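Heads up, the thing below is written out as structure tokens.
Both backbone and side-chain heavy atoms feed into the values below; hydrogens, waters and symmetry mates do not. Every value quoted in this text rests on a predicted model; they were computed, and no experiment measured them. Quick note: residue numbers are just sequence positions, from 1.
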Amino acid sequence: MAWVVLLASAVLEAVWATALSQSAGLTVPGPTVVFFVATVLSVVGLGWAMKSIPTGTAYAVWTGVGAVLTVAWAAATGAEPLSPVKVLLLAGIIGCVIGLKFATPAAAPDLSAEPEA
């Protein structure tokens, strides 16, 4: 479940990055509101996922997926050109994110809690 929340938070990262771009320096009300709401939800989801995913891995996945989705959206809407080299580099980011998922061990049980009586 933590990975699903982390990926949803990464989607929200792409949303807030796009909204920030469209807000013209936080002067356009609609995108500015979307930016603030998506930012809060994205960071809350990241924090929740970090309870069971190591910090470095969670942050790398969050930023990597968010960055790829932001570029993909910009390319799909015509705001940014997409070249074969850029596609290759974005695929590399996704490959690394998948690698981090499989290289991350399952969370160990919390042994610091006192046993129940």
Side-chain angles (χ1 to χ4, degrees):
M1 180 65 162
W3 286 97
V4 172
V5 171
L6 182 61
L7 292 176
S9 295
V11 170
L12 287 169
E13 183 190 7
V15 170
W16 71 248
T18 301
L20 180 60
S21 174
Q22 295 175 348
S23 75
L26 303 177
T27 61
V28 180
T32 298
V33 169
V34 170
F35 164 74
F36 283 114
V37 171
T39 298
V40 169
L41 293 174
S42 180
V43 172
V44 167
L46 172 64
W48 187 86
M50 284 181 171
K51 291 195 288 186
S52 58
I53 300 171
T55 300
T57 300
Y59 186 70
V61 169
W62 182 70
T63 57
V65 171
V68 169
L69 291 175
T70 302
V71 173
W73 180 257
T77 60
E80 185 173 327
L82 197 59
S83 68
V85 171
K86 194 177 283 189
V87 170
L88 179 64
L89 294 169
L90 293 170
I93 292 172
I94 293 301
C96 290
V97 165
I98 291 168
L100 283 170
K101 161 67 171 121
F102 289 110
T104 303
D110 183 7
L111 301 177
S112 64
E114 294 185 28
E116 295 181 22

Practice task
Determine, stepwise, if the pair K101 / V97 fulfils side chain to side chain contact (heavy atoms under 4.5 Å, CB included).
Solution key: CA-CA 6 Å; K101 161 67 171 121; V97 165; 5.9 Å; no
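- Judged as a ring-ring contact (aromatic ring centres under 6.0 Å, His included), the pairs with a partner in residues 2-51 (not counting sequence neighbours) are, in order, W16-F35.
- A single hydrophobic cluster is not seen to contain both V5 and L41; linkage of ILVMFWY side chains at heavy-atom distances under 4.5 Å, directly or through other members, places them apart.
- Contact of the V65 side chain with the L6 side chain is not registered, since no non-hydrogen atoms from C-beta on lie closer than 4.5 Å.
- In terms of hydrophobic clustering, with Ile, Leu, Val, Met, Phe, Trp and Tyr side chains grouped at heavy-atom distances under 4.5 Å, F102 and V68 are assigned to a common cluster.
- For residues 63-88, every residue pair satisfying the side chain to side chain donor-acceptor pair (under 3.5 Å) rule, not counting sequence neighbours, is listed here: E80-K86.
- By the 4.5 Å heavy-atom criterion applied to side chains, T39 and S42 are not counted as neighbours.
- In the hydrophobic cluster analysis, where Ile, Leu, Val, Met, Phe, Trp and Tyr join through side-chain heavy atoms closer than 4.5 angstrom, V61 is grouped together with V11.
- In terms of heavy atoms, G66 sits closest to A14 at O-CB, 3.8 Å.
- Looking at heavy atoms from C-beta onward, L20 lies in side-chain contact with L26 at the 4.5 angstrom threshold.
- Applying the side chain to side chain contact (heavy atoms under 4.5 Å, CB included) test to V34 and every residue at least two apart in sequence or in another chain returns V15, A19.
- Both L69 and V43 sit in one connected hydrophobic cluster of ILVMFWY residues. Membership requires side-chain heavy atoms under 4.5 Å apart, directly or through other members.
- Screening residues 13-33 for salt bridge (Lys or Arg N to Asp or Glu O under 4.0 Å) gives no qualifying pairs among residues at least two apart or on separate chains.
- With sequence neighbours excluded, the residues forming a side chain to side chain contact (heavy atoms under 4.5 Å, CB included) with V33 are V37, listed by chain and number.
- In the hydrophobic cluster analysis, where Ile, Leu, Val, Met, Phe, Trp and Tyr join through side-chain heavy atoms closer than 4.5 angstrom, I53 is grouped apart from V44.
- Residue pairs satisfying the side chain to side chain donor-acceptor pair (under 3.5 Å) criterion with at least one member in residues 17-32, sequence neighbours excluded, are absent.
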